[in-house]
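Notes to accompany the following structure.
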Amino acid sequence: MSTPPTHKPLADLPPSYRPAEEEPAILERWLQGDAYQANASADGDPYSICIPPPNVTAPLHLGHALNNTLQDILTRHARMSGKNAVWLPGTDHAGIATQTVVEKRVLAEEGKRRTDFERDAFIGKIQAWKDEYEATITDQLKQMGCSCDWDRQAFTMDDPRAKAVREAFFQLFKDGLIYRGKRLVNWDPVTQTALADDEVESKDIDGNFYYLKYPVCDAEGNLTGDHVTVATTRPETMLGDTAVAVNPKDEPRAKYIGQFVKLPICDRVIPILGDDYVVIPDPDSDDAKARMASGFLKVTPAHDTNDYEIGQRHDLPIINVMAPDGSISKDHGWPAEEWDAAEKPTDDVPSSVGFVAAFAHELLGQTREAARKAIVRWFKDQDLLAEVKPYRHAVGHSYRSHAAIEPYYSDQWYLKVTDDKLAGAALRALDESQREASSHDAFNAKTPSRQDAKEEPTGPTTGLTFTPPRYAKTFQTWHENIRDWCISRQLWWGHRIPVWSLQLTDQQAHIFRKNLDNKTDDSLGEGTDDAFATSTFLKKKYPDEIGLRFNEATRQLFCCVREDHPEILRKLSGTGWVQDPDVLDTWFSSALWPMSTLGWPERTPELDLWNPTSVLCTAREIITLWVSRMVMFNLYFLGRLPFKDVFIHAMIQDGHGQKMSKSLGNGVDPMDIIHSHGADAMRFTLASMTTQTQDVRMPVDMVDPHSGETFTPKFITASGGVKVAAPTQERDGKSMVSSYGLASGEVKPSDDQPLARNTSEKFELGQRFATKLWNATRFALSNLAEAEPDAVTSSLSLADKWILSKTVRAIEHADKTLKAYDFHNYAGGLYEFVWNEVCDWYIESVKPDIKTPEAAKSRKALATVLDVSLRLLHPVMPFVTERLWSGLNAVCPQRGVLGLDPVECDELVKAPWPIADRALIDLEAEEVFPRVQHVVGMVREVRAGAKVPPREVVDFSLHMEDAEAERVRPNLHLVETLTNTKMVAVGPDTEKPEGAAVVTGPAGIGYLHVQIDTAEEAERLNKRKAELEKSLKTLDGRLSNEKYTSKAPSHLVQQTRDQRAAAAAELDEVERQLAALE
RNA sequence: GGGUGAUUAGCUCAGUUGGCUAGAGCGACUCGUUUACACCGAGUAGGUCACAGGUUCGAGUCCUGUAUCACCCACCA
């Protein structure tokens, strides 16, 4: 159902392509015409791509534009190639990120915090934000030309996706892969939630090493008068110390093992123990730690992951001294008896305790930083501070709030990704060719691949391939060192964890354990109260709908609910069960994306057709966060990979090599570029800048809304010496708002602060190319007739044969590069083909005679070349090619030549990809045409040098051997056309006219009949002579080397001999001409 | 601390198994508005391929080392 073209004739259009005037109508036509829609029952090999769902936190930036351009190129190419192609769009709820931006906005606009609202009310506010930005994002994608199947748009938190999350969680819970654990997590004190390992980013911080003296004592706390010195960067955590450790191999210090210290401030008596982990001091060591170490390590299991592990080994108590916001607190794990004792000093307790408690009161409620200062001061005052040394070291920071991460002891849900069925399966999925040698168990399993999936394999389980290949290493290393995944987040915005819990009494726990031993699950909870009996009831009535788990240590009973069945919920909530308040890590739902977008857990036709998807196209930063987890989940739940190809593309940076980001104000809104240069220009530029090695640098300019001129915004230097752009730009005393700042909702334009759009000169490349294509088509269309006679290749001119040959090669080049995800060369190859070959040479060759009856075959060839060019360019420049396509269809509907006869189609978006017959490759034409080009180049050089007016027709004659002359003779007209000369003689007898300029070449000599200054001619010939001599010297050097002639491949040696002969012949001529000049 | 990538013309970047007399776009300079295109055409200039060694008949390309930059990973004594 195609709409007939309604455009004006092209002749009425201006010489420049105006994207803003053309793109909306074309977009509308595609959307109305269902151009992007896919049908699972349609013909064609399946091809599918899942969009990496953008976060609904903010509008898309140029990084997204690149990512989606590449996917659209692949999708459109697949669709045109006859595949049953679908591109599945959607957005991500981005739990922590979205909640954070909304919290910020609510605080700014209403002065209220999240906790001032009911949970549902605040979620409503986030939902409104999500709706707004999802709409913005969708509109951006559409205007970029992204050919997503919009009927299938998904959101990671909509109903179908929620169903998938619940099902996946339930299955993993039942399979014993999800567990509750109390351990150290990466805690973000600002957003007050746990973070996964890869949500933590390290930054180097200039800090200090503090050397604190701890008094040594006996087990009863009697001081010996001695002391040990611990070294730490975090003095404030000493409040939670429960031991001091020494390396047993550390001769001078090992003697302290078995003694005790009385922890200052707290007066806690803690042991000195031996542990290999402790670094032995060595002032000459390469290891900074060994140089700085004192040999005594304070052990704070609640606030340091290593200390936690030492604590586990030695069964130390864990004392948490902080509240969730990171302030010092006595209410989150500090032993009450210790505190109470300190609170009320008596005669039985050493007097210092009272003093300590009084000081501790000063600490309570202080931030980590303030507490650090206070404690250091205290140690100094007590003469217990031995030394302070500056030390630069890495500190983990929240990727969201950028606050320093606090290792924090808390209860969380974990997914056991370390299980072989998850991480092991992901490792084995990596294609053999990309694996590195490894001793990891996954590769040495006795029965590999058998245990990978819950079900038998239903598709590929191996062959995962990264492009560029080096990223396979990131993937492998990640899985070899993976730790269990903390999946709970203390947020409101996200998938609520579908687990209810019940705290059992000792009696209940006893019964439960007994029943567990007897494996009589049915009698669970018999003879106990309602709350506990509920589980029995539910277990019997809904055996497939709930999963039960008992936590021995905490006596908690957990019930995982598969779906929100009313009776189950009623029973649970009515009998004292409490639903877990936390939500799941965002990436849990993202990990299911290739399944959930296609209907899983239902076995839909779409799921079986389009999963595995064809390729995942993303940036390297989320290989661990996302790629890994999709691979593990798809393998686990479906028994096959979610995709085999992973294409990792470049990142876009600003002109200073900085990552673009909203907070730095250097982000560019794709809509600004579409506004100024057009979607095609943006797409083409981004694609052609995408190489496999380099990140893309995109200098950011701004358009001044006051004057309209473009300028480079000022950059200010931030503390780290990093250059960042100011979000609100100042210029000539007037301030303005960048459209990116506007989009973030932080600033709004006004009369005082009008809107300044970002831009970058880089996009002129694509814009110029679109205009060039536009004009080449205008030329063609003004010369083509509706029905040109059929052309037979044998009677085509040299230029026709040459360009058709090149066209075939262009098709092959496009196919080859797209298959290899080599977008730079796909775009670059077509640029060169259209601009240099079609426009500069072919059109210039046929231009003068194109309207004559004799040129009918050239017109047919031209129409065909244009047809193919538009098809090949459509994936990257869909708008302008579609617009020109309707013009071409209107003027010359019947195109094609023998061997290249593309199928007609009303709309380019649905047109078939060209298939080339290699018989059209004309080696003779490909050899002769460049000779013409060479001669033309030489003549043009002379004309330019001699300042011959371009319009003046100059006589030209060629001196060459008969054989060569015969070859050239049919194409003399071409030379005349391209050089504006008249050929007066060709052959071995041609003599040089008096005063003529000489043009030398490998096949002969040309004489340009112009009066030329002798000195200039001599200069030009001498220059050529020098070039030839240099070349000859190189070639001779190579040939005189016996080892070269004997060892190098024979065809190379022959090539060198030919080159030498040609250079020598030309040098002879040049010298002869030089002699004649004198 | 470990890893990855980069360093090529004034700028931004190509350069696939070693064969290069090293390319493109932008910018610069000269000429030109001949009805597809001045968002254009024709032409010119501009590079000891970061540095130092090595392998080879031959190195921008492979190896070793050094320097600088970027990013990723690592348990913040």
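Only heavy atoms go into these numbers, but all of them, side chains included; no hydrogens, no water, no symmetry mates. This structure is a prediction, so every number in the text was calculated from the model and none was measured. So that the names make sense, note that chain A is the first sequence line, chain B the second, and so on, each numbered from 1.
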Under 4.0 Å between a Lys/Arg side-chain N and an Asp/Glu carboxylate O for A:Glu406 and A:Arg234?
yes
From the set B:A14, B:A45, B:C76, return the single nucleotide nearest to any side-chain atom of A:Lys1023.
B:A45
Report the nucleotide, chosen from B:A36, B:U4, B:C75, that has the shortest atom-to-atom distance to any side-chain atom of A:Ile843.
B:A36
Enter the distance from A:Leu686:CG to A:Phe763:CZ here, rounded to the nearest 0.5 Å.
5.0 Å
Which whole-number value in Å describes the distance from A:Arg943 CZ to B:A42 P?
14 Å
State whether A:Trp835 places a side-chain N or O below 4.0 Å from either non-bridging phosphate oxygen (OP1 or OP2) of B:A36.
no
Does any nucleotide pair with B:U64 by Watson-Crick or G-U wobble geometry, both distances under 3.5 Å, and what is it?
B:A52
Could you list all N or O pairs between the protein and nucleotides 23-31 of chain B that sit under 3.5 Å apart?
none

For the pair made of CG in A:Leu773 and P in B:A36, what is the distance, rounded to whole Å?
17 Å
Could you tell me the Watson-Crick or G-U partner of B:U12, where both distances fall under 3.5 Å? Say none if there is no partner.
B:A24
In whole angstroms, the gap separating P of B:G15 from CD of A:Glu832 amounts to 14 Å
Please determine, by modelled atom types, if A:Lys298 and A:Thr237 share a side-chain donor-acceptor pair under 3.5 angstrom.
yes
In the structure I gave you, are the side-chain heavy atoms of A:Trp841 and A:Val936 within less than 4.5 Å of one another anywhere?
yes
Rounded to the Å, how far apart are A:Gln312 CD and B:C75 P?
17 Å
For atom CD1 of A:Ile652 and atom P of B:A70, their distance in whole Å:
20 Å
With 3.5 Å as the limit, what N/O pairs link the protein to nucleotides 57-60 of chain B?
residue: B:C57; atom: OP1; partner: A:Lys1047; partner atom: NZ; Å: 2.1
residue: B:C57; atom: O2'; partner: A:Asn1041; partner atom: ND2; Å: 2.5

Is the CZ atom of A:Arg313 crowded by more than 12 outside heavy atoms at less than 6.0 Å?
yes
State which of B:G19, B:C13, B:A42 makes the closest approach to the side chain of A:Arg940.
B:A42
Expressed in angstrom and rounded to an integer, what is the separation of A:Trp478 atom CH2 from B:U4 atom P?
19 Å
Pairing partner of B:U33, by Watson-Crick or G-U wobble and under 3.5 Å for both distances, is none
Taking the nucleotide of RNA chain B with the nearest heavy atom to each, does A:Ala231 or A:Lys847 sit closer to the 5' end?
A:Lys847
Not counting sequence neighbours, which residues clear side-chain hydrogen bond (donor to acceptor under 3.5 Å, both in side chains) with A:Thr618? List them please.
none
Please state how far atom CH2 in A:Trp774 lies from atom C1' in B:A38, giving the value in whole angstrom units.
18 Å
In whole Å, I'd like the distance from the CZ atom of A:Arg778 to the P atom of B:C37.
6 Å
I'd like to know if the side chain of A:Tyr277 pairs up with that of A:Asp275 as donor and acceptor (distance under 3.5 Å, no hydrogens or angles considered).
no
I want to check one thing: is the phosphate of B:A14, taken as OP1 and OP2, less than 4.0 Å away from some side-chain N or O of A:Thr691?
yes
If you go through the side-chain atoms of A:Tyr17, does one of them form a donor-acceptor pair with the base of B:C39 closer than 3.5 Å?
no
Return whichever of A:Gly396 or A:Ser782 has its heavy-atom-nearest nucleotide of RNA chain B closer to the 5' end.
A:Ser782
Do the two ring centres, one from A:Phe296 and one from A:Tyr256, sit under 6.0 Å apart?
yes
B:G5 - base-pair partner by Watson-Crick or wobble geometry, distances under 3.5 Å:
B:C69
Examine B:C40: is either OP1 or OP2 under 4.0 Å from a nitrogen or oxygen in the side chain of A:Lys772? Give yes or no.
no
Can A:Glu952 and A:Arg943 be counted as an ion pair, charged N to O under 4.0 angstrom?
no
Watson-Crick or G-U wobble mate for B:C75, both contacts under 3.5 Å
none
B:C75 base to A:Thr305 side chain: any donor-acceptor pair below 3.5 Å?
no
Can you find a donor-acceptor N/O pair under 3.5 angstrom joining the side chain of A:Glu844 to the base of B:A36?
yes
